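All values derive from a computational prediction rather than experimental measurement. Computation of the quantities below employed the complete heavy-atom set of this structure, encompassing side-chain atoms and omitting hydrogens, waters and symmetry-equivalent molecules. All chains are named by letter (A, B, ...) in the order of the sequence lines, taking the proteins before the strands, and each is independently numbered beginning at 1.
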Amino acid sequence: MNGMKKNSMIKRESIFLLMFISLFVFSESLFAQQHQISGKVTTANGLPIPGAVVKVKGKAGGTGTSNEGAYVINAQAGDILQVSSIGFVSKEITVGQSSTINISLAEENQGLNEVVVVGYGVQQKKLVTGATVQVKGETLQKQSTTNALQGLQGQSPGVQISSTSGQPGENIKVTIRGLGTIGNASPLYVVDGVLTGDITYLNSSDIESIDVLKDAASAAIYGSQAANGVVLVTTRQGKRGQARQITFDAYAGIQNVAKKVALLNASQYAAIMSEAAVNGGKQPLFTNDQIKAFGEGTNWMNQMFVNNALTQNYALGASGASETSVYSLGLSYTGQEGIVGGKDLSNYQRYSFKINSEHNFYKDIIKIGQHLTYTDIKNNGISVGNQYNNSLRGAFSASPFLKMYDENGNFFDNSKSTWNNAEANPYAAMVYNSQNRSNSQRLLGDIYMVIEPIKNLKFRTSLGMDYSAGESRSYTPIYTLSVYTYNLVNKASQSMNKGKSLIWDNLLSYKFTLNNDHTFEAMVGSSAYRADGSNIFGTNTNLIYDSFDYAWLSNATGKTVAGITIGGGPNDPDRRLSYFGRLNYNYKEKYLLNATFRADGSSRFGPANRWGYFPSVSAGWVATNESFMQGQKDWLDFLKVRASWGQVGSQNIAAFQYLAPIKLNNTNYIFGPDEGVLTPGGYQSRISNPAVKWETSEQANIGFDANFLQGQFSLNFDWYNKTTKDWLIAAPILATAGADAPFINGGKVKNKGIELALTYRNKLGDFNYSVGVNGAYNKNKVEDIPTTDGIIHGGENELFNNALEFYRAQTGFPIGYFWGLKTAGIFQNEAEVQNYRSASGKVIQPTAAPGDVKYADINGDGVIDNLDRGMIGNPNPNYTFGITLSGDYKGFDFSIVASGVAGNDLVQSYRNPSSQFGNYTTRILDRWHGEGTSNTIPRVTEDNRNWSNFSDLYIQKGDFLRISNVTVGYDLGKVFKKSYLKQVRLYAAALNVYTFTKYDGMDPEIGYGTQGFASGIDLGYYPRPRTFMIGANLKF
Amino acid sequence: MKAIKIYVAALGLLSLGACKKDFLDTKQVTAVTDQNFYKTPKDAFTALVGCYDGLQVVWSEGIALPVAAEVMSDNTFGATGNSDGFGYQMIDEFDKSRSPSDQNLYNRNWVLYYRALFRCNTLLGKLDQIEWGSDIQLRKTYESEARFLRAYLLFDMVRLWGNIPLLTAPSTDNLPQSNPDEVYKVIAGDLKFAAENLPQVAYPAQAVANHGRVTRYAAESLIGRVFLYYTGYYAKADLVGLVSKTEALAYLEDVVAKGGYGLIENFANLWPAASLTSYAGEDNKETIFAIKYTYTSDYQGNTDGNHWMVMMGMREQAIYPYGNGWGAETVNPKLWNVYLPTDTRRVGSIISIADENLPFTNQKGQREYTGYYVKKYSPMIGKDGKPLPEAYGNTSFQIGQFQDYVSIRYADVLLMAAELGSGNAQSYFDAVRQRAYKTAFTPLAVSQDNIIKERRLEFAFEGIRYYDLLRQGIDKAAQEIAETTTVLNGGVSAEKKISAANIIATKGLQQIPYTQITLSSGTLKQNAGW
């Protein structure tokens, strides 16, 4: 029972083996007397192996074993039956006279014959010389995440996955081996050979495997796209010889916020406001009795979140094979409601349909196949962006005095209030400003043909397409919530876009063996890529009907210029032409060598710099294949040492950066008497740089893979040194240059690190279990910034109103480090203020009062200014790690996945220091309010003087360990004992179960950064929900 | 078999190289490039409008010069909101320690000035490659306008920062600051060129649709202003050897004689908030040069509005007809008091909360409250309580304001000519005063001292007073501005102190943005006192 489940789950991988096997099938079939052979395929200890492939050697087609391991096949005496199943050593048996042949397969050392996906092909894992990691679709599916990438969390050392927001459907930030650039650091995604930038459209149930190419040698075959690593996604395909199978997977669960931030209630808030007034020399605002009487007030956190938001997923799959064809279909629906505001404001729905098939012609000389996934995504959401576009942020500072509803049950209009009429009901503001719906469709797939006229000489051509179309619409009603938060004229916006990329790949490969010892595999190929698209958008006012349903531009009657925005244009065209080649060599699978080379031409660069060249070489030594190691076989099954070096590139800049554009839009002046009548102008908006070229990432990798004790224990280790140089950056230039900075090549960052993965699996009687631990250490250091001051400055006005720069990329520091003042405690009394002097006797903070924060005068000049600012935090974690535990016992199974990071810092800013009335988190209750009361949190003041400078008061440790998934399941298949039911697994799972962290925000996993290379900035972060769900996996 | 092998290999190779050579050539269709622009007179005009646009946006972020100049002068205090940073106090008191980490207050302005300058320099550098055809005057006109705009920008910059890198052609080099004389040579040369090459078209003959464009008279008037400031502040006899006092006066007299300009009858009608329906309108006969704004600014990249007017609005409270704003530039009561009650310019220029019986209650949100706000550039609301820009569909009172900045008024030309010793000095002087006092007019003898005093009353909040003070010498200016008084911070009485020593230490100049100094790796030097 137990083995059955396991095998049915892993047999999908056999497609690749089958494909290889089928290559051998090339001889003429003989017409001869056939009869039926039947039997059972079992493990060494008699358990049936379902889904094992049984075929007659030299013949096309084959069959798969049933749930009970039974098979029936036509063969004749003298034929050789080939029996294989993933996880077992394949066997060949000569057919005799008996019509019953029972076969037992020995379990194979785990993993060695597994096939992993590499660029433009597959390779046996044992022969891989680069640093790659594979995660199976089943593993991803088990995580029950809406976004498949999130399922990678904790499973793939060296690959940091972090949410940019907990809102359903928002992006996931994937950083492979540390941030290598201040530009776009996302990896390249390749789905069944089609290059794309985003895979959120995929349902985990459609994924066969995800392979991450981490080192440059592995990724170099993708040349110009690969500087940030490559994520290869293989969607599910039917398997040759496999029995038909229908699967149905479903889960449904409820989501709640795992942890809310505690804010001051009305009494506490009144007390703090009053104290701030007193600290400013005023009379207290309230008496003690008044303060008490305020009570709880409005708890805005409770208003913003909904309880029991639904998440659900249903996936129907069918796969199978005939003599000449294999196919796999999938139909799925995923729905996830947001926990902030509920599904009306924050919701994600995805419908997808997949069909993959492959057909063989002329005795497998020609194979034609296709992959195709169509996805329709409907979503709507609240704002999760910067401080001005973040719906949740308002709830942190709205005072508890503010009411949710007025006496008529409408949202409370605070504009006439006597207490801070500038603040608006944050929930109402979210409702009014989140009236939007987006709908996008995506069609991604390819059609391919493989011609193999003679054994191992293959020509493959494929035409892939990534087509997307989207539309979105929003509506802003008329409302008044405060003196500043109002909208006096209703408004509708509409936008549409579409884009299409085509990729035409041609590969020629040949594999041959000389003297039975030297195996060569050579491949050359070319790829042509083109992407085009366009968009159109418009906004207008004065709608005929005041409702979202009618908020279409045709219903907007506004005639004023200022109320109308329209635009539209083509996406910049993108063209790429590539030639590449690879040579694999091994000597008796003992000495391994791999070399690749790629040349890429890109339309994004000027004619003189279009071509980039990306070489790589890697080598491996399988020590356990040496004769002198044979004596160690009892404890060391496998040991491979690998080393690699390669160069990969990035072309992540917009098109036409090598030209100097004349900006014509938004450049107007008004001559004459008529307001709003503009005369268009133009100017050169950017300095040109015709010399701009590829960004290059160079990486060396040394590692080893080892298996011990008959596969019980496995160990993978990698060390890498990655240098990304010639960044494509618009480096800040002097203002005197007078125009936008050109993209230049310059800047260099080094990421050095190690990765370790350990797996232990064993069994105690019927109890099988495995423990996996993986971790990665990365050190990120900028080595050069090509500006006179060696700094790329972060933006201003990003952390709060009028906030100064607070993060930077600077030579000698990690990318995006937090730049601010160091504090040195709190002034406890006037004497401390007076005694805090520079070496020359100057009082350093003459205007400070007791309770104010004391800043470290780093340069000792007696003044606190920018020269005293330095690195006070690092958003890049030094360590990322994951833990997986799983086990099964007679139909029961369980798994636990945990992941986390360590060594990073977070910046938290919930409150705007330019407003004296904002609410606080309860942390303020520990403030200084008299000598000795606090040395960490300053006194409260109306002018918020202690918070208007960015200092380490804003910084917290970002370390966390999250138990992200706990699943318990039971397979009822054995209970039902129906031959058509292969699996009836029911399970219960909990996601985001518990997070160990010292961070006091709602969620420490903050991939959000205000822009570009910034990260770890909590401006009111939409937290990831805690989910409890039940689900079922059925196989027929 | 071998044939098949060759066939496949050939097919493979063929398809590998099947792409056309020009596959990688693409064309941008949403923007033109400098390779196909700057060819026709139409291109030149488009680029010229780009220069005007450049000037229009220099104060859209950072701190507007008309605001800074009033805060630095003895007319107003820095003020702003009671919980705001102390940047405006730092400007007002010339005291870096008021807000030591506020080292970038003017960075955006510095950037935007140089961007506008770049647009002018680029166009001027491309004039030779434009096919002008037979219209000889056209090139002269465009060149004059571009050079006027360049001079205008440089004059602002050199007054504000004193020591600036000078560019007369685009350059990405790390340039050191120039001697101010070099800057003034460019300013004077540009203005003279414009004054001599622009056509003589008097105000009444100018096409209404062209109002706002630089005229010969704008150039001549600006020469007067530059002459007076340069010779005063730097204590020189003439304008860098290019314009003598006689010549400066001659330019101004030409404006008076041939410009066709005149004074608007009622002073209040120059200012929307002071006159409401009787407002004389923009581009009226008194306007010699204005930076024009309109209501089409948005947050999608259109910047056409007066983004700095919101600073002067009463702090977060609107009382018809005055709109709300951020409460900067609270008016120094001293200024209110120097006006005679019979002077129509007092209520024409200043909002007095008490005298107008305005129910202003937001003292708690206002820093350096004095009871007086700026009226000339106050944002306005309609009777329905909506900010004025909303009548035009612009919902942002912050960036939708559209009142033009009237940079040079005819009254200024009259007073400058009088100051430079015009034979008609007394009548010019009287004309300005008669308009102000109406029936209460009593004659006053024209003198340098009286002209300066009159200029303060006439041009309050127009960004002129501070430079009138500086051109009397830094010591004199410091003495006039220095003050110790009492204001209300958040409703609580507080001492306000501006020390003469700070003004002298900084020579009245402002801080060079820290970012620019670090970007230049120290090639740019900070001004003394900062």
Undergrad: Please look at B/A209 and chain A and tell me whether the side chain, the backbone, both or neither of the residue comes under 4.5 angstrom of a heavy atom of that chain.
TA: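 Backbone only.
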Undergrad: Out of A/P573, A/G672, A/S602, return the one with the most heavy atom pairs under 4.5 angstrom to chain B.
TA: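 Ranked by contacts with chain B, first place is A/G672.
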Undergrad: What residue, out of B/W110, B/F45, B/Y113, B/Y293, has the most heavy-atom pairs lying under 4.5 Å from chain A?
TA: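 Highest number of pairs under 4.5 Å: B/Y293.
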Undergrad: Would you compute the distance between atom OH of B/Y114 and atom CG of B/N109 and round it to the nearest 0.5 angstrom?
TA: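 The CG atom of B/N109 is 12.5 Å from OH of B/Y114, to the nearest 0.5 Å.
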Undergrad: Which of the residues B/I164, B/N210, B/T172 is involved in the greatest number of heavy-atom pairs with chain A at under 4.5 angstrom?
TA: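 Most pairs with chain A among the choices: B/T172.
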Undergrad: B/E282 versus chain A, heavy atoms under 4.5 Å apart: side chain, backbone, both or neither?
TA: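 Contact with chain A is through the side chain of B/E282 alone.
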Undergrad: Is a donor on one side and an acceptor on the other found under 3.5 Å between the side chain of B/S171 and the backbone of B/D173?
TA: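 It does hold such a pair.
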Undergrad: Measuring heavy-atom distances to chain A, does B/R213 have an atom under 4.5 Å in its side chain, in its backbone, in both, or in neither?
TA: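 Its backbone and side chain both get close to chain A.
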Undergrad: Does any N or O in the side chain of A/N571 come within less than 3.5 Å of the main-chain N or O of A/D532, such that one atom is a donor and the other an acceptor?
TA: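 Here the side-chain-to-backbone pair does not exist.
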Undergrad: Which atoms of A/T541 come close to chain B, meaning under 4.5 Å heavy atom to heavy atom: side chain ones, backbone ones, both, or neither?
TA: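 Neither part, no heavy atoms under 4.5 Å.
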Undergrad: Please determine, among A/G281, A/G558, A/G601, A/A422, the option with the most heavy-atom pairs under 4.5 Å with chain B.
TA: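 Of A/G281, A/G558, A/G601, A/A422, A/G601 has the most heavy-atom pairs under 4.5 Å with chain B.
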Undergrad: Rounded to the nearest 0.5 Å, how far does CG of B/L112 lie from CD of B/Q56?
TA: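 One finds 12.0 Å between CD of B/Q56 and CG of B/L112.
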Undergrad: What part of A/E805 gets closer than 4.5 Å to chain B, counting heavy atoms only: side chain, backbone, both or neither?
TA: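 For A/E805, neither part sits under 4.5 Å from chain B.
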Undergrad: Measure B/D283 against the heavy atoms of chain A and call it side chain, backbone, both or neither at under 4.5 Å.
TA: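 The side chain, not the backbone.
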Undergrad: Measure the spacing between CZ of B/R98 and OH of B/Y88 and express it to the nearest 0.5 Å.
TA: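 Here the interatomic distance stands at 15.0 Å.
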Undergrad: A/D740 versus chain B, heavy atoms under 4.5 Å apart: side chain, backbone, both or neither?
TA: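 Looking at A/D740, backbone and side chain both touch chain B.
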Undergrad: Should the pair A/Y579 and A/W611 be assigned to parallel (<30°), tilted (30 to 60°) or perpendicular (>60°) ring geometry?
TA: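 Correct class here is parallel.
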Undergrad: In terms of heavy-atom proximity below 4.5 Å to chain B, should A/F605 be classed as side chain, backbone, both, or neither?
TA: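 Interface part for A/F605: neither.
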Undergrad: Measuring heavy-atom distances to chain A, does B/Q28 have an atom under 4.5 Å in its side chain, in its backbone, in both, or in neither?
TA: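 For B/Q28, the contact with chain A is made by backbone and side chain together.
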Undergrad: Go through the atoms of B/L117 and report whether side chain, backbone, both or neither lie under 4.5 Å from a heavy atom of chain A.
TA: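 Contact with chain A is absent: no heavy atom of B/L117 under 4.5 Å.
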Undergrad: Out of A/T736, A/D943, A/T787, A/L659, return the one with the most heavy atom pairs under 4.5 angstrom to chain B.
TA: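 Looking at each of A/T736, A/D943, A/T787, A/L659 in turn, A/T736 comes out on top.
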Undergrad: If you count heavy-atom pairs within less than 4.5 Å of chain A, which of B/F397, B/F402, B/Y295 leads?
TA: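 Highest number of heavy-atom pairs under 4.5 Å: B/Y295.
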Undergrad: Looking at chain B, which one of A/P680, A/S915, A/S948 has the largest number of heavy-atom pairs inside 4.5 Å, strictly under?
TA: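 Most pairs with chain B among the choices: A/P680.
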Undergrad: Please check this pair: side chain of A/Q845 against backbone of A/Y855, looking for a donor-acceptor N/O pair closer than 3.5 Å.
TA: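 Such a contact is found between A/Q845 side chain and A/Y855 backbone.
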Undergrad: Check each atom of B/K364 against the heavy atoms of chain A and say whether the ones under 4.5 Å are side chain, backbone, both or neither.
TA: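 Its backbone and side chain both get close to chain A.
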Undergrad: Select one option (side chain, backbone, both, neither) describing which atoms of A/A655 are under 4.5 Å from chain B's heavy atoms.
TA: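 Neither part.
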Undergrad: Rounded to the nearest 0.5 Å, how far does OH of B/Y514 lie from CG of B/N107?
TA: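 With rounding to 0.5 Å, CG (B/N107) is 12.0 Å from OH (B/Y514).
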Undergrad: Is it the side chain or the backbone of A/P607 that comes within 4.5 Å of chain B heavy atoms, both, or neither?
TA: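 Contact with chain B: none, neither part.
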Undergrad: Report which part of A/V483 has an atom under 4.5 Å of a heavy atom belonging to chain B: side chain, backbone, both, or neither.
TA: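 When you check distances to chain B, no heavy atom of A/V483 falls under 4.5 Å.
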Undergrad: Can you list the steps and then say if A/W504 with B/F23 is a ring pair (Phe, Tyr, Trp, His ring centres under 6.0 Å)?
TA: CA-CA 13 Å; A/W504 183 35; B/F23 181 74; 9.8 Å; no
Undergrad: As an exercise: rank B/V111, B/V208, B/T303 by heavy-atom pairs under 4.5 Å with chain A and give me the winner.
TA: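 Winner by heavy-atom pair count: B/V208.
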Undergrad: Of B/N306, B/D404, B/D304, which meets side chain to side chain donor-acceptor pair (under 3.5 Å) against B/K292?
TA: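 The passing option is B/D404.
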Undergrad: Under a 4.5 Å cutoff for heavy-atom pairs, which residue among A/H793, A/K663, A/R576, A/R945 has the most contacts with chain B?
TA: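 Heavy-atom pairs under 4.5 Å are most numerous for A/R576.
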Undergrad: Hey, does the side chain of A/S603 reach the backbone of B/D25 with a donor-acceptor pair shorter than 3.5 angstrom?
TA: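 Here the side-chain-to-backbone pair does not exist.
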Undergrad: Please classify the contact of B/A290 with chain A as side chain, backbone, both or neither, using a heavy-atom distance under 4.5 Å.
TA: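 When you check distances to chain A, only backbone atoms of B/A290 fall under 4.5 Å.
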Undergrad: B/S520: which residues meet the side chain to side chain contact (heavy atoms under 4.5 Å, CB included) condition with it, sequence neighbours left out?
TA: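 Checked B/S520 against side chain to side chain contact (heavy atoms under 4.5 Å, CB included); matches are A/L734, B/N174, B/T523, B/L524.
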Undergrad: So for A/I733, is it side chain, backbone, both, or neither that comes closer than 4.5 Å to the heavy atoms of chain B?
TA: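 When you check distances to chain B, only backbone atoms of A/I733 fall under 4.5 Å.
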Undergrad: So what's closer than 4.5 Å to chain A heavy atoms on B/L105: side chain, backbone, both or neither?
TA: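 For B/L105, no heavy atom lies under 4.5 Å from chain A.
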Undergrad: To the nearest 0.5 Å, what is the distance between CG (B/L166) and CE (B/M157)?
TA: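 The CE atom of B/M157 is 9.0 Å from CG of B/L166, to the nearest 0.5 Å.
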Undergrad: Using 30° and 60° as the class limits, which term best fits the ring planes of A/F671 and B/Y52: parallel, tilted or perpendicular?
TA: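 The arrangement is perpendicular - the two ring planes meet at more than 60°.
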Undergrad: Who wins among A/G682, A/A739, A/G790 for the most heavy-atom pairs under 4.5 Å with chain B?
TA: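 Looking at each of A/G682, A/A739, A/G790 in turn, A/G682 comes out on top.
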Undergrad: Hey, does the side chain of A/N540 reach the backbone of A/I564 with a donor-acceptor pair shorter than 3.5 angstrom?
TA: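 Flag not set: sc A/N540 to bb A/I564 has no pair under 3.5 Å.
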Undergrad: Considering only heavy atoms, which portion of A/Y529 lies under 4.5 Å from any heavy atom of chain B: side chain, backbone, both, or neither?
TA: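 Answer is backbone: N, CA, C or O of A/Y529 sit under 4.5 Å from chain B.
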Undergrad: Is it the case that the side chain of A/S482 and the backbone of A/Y484 share a donor-acceptor pair, with hydrogens and angles ignored and the cut-off at 3.5 Å?
TA: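 Yes, the answer is positive, given that a donor and an acceptor are paired below the 3.5 Å cut-off.
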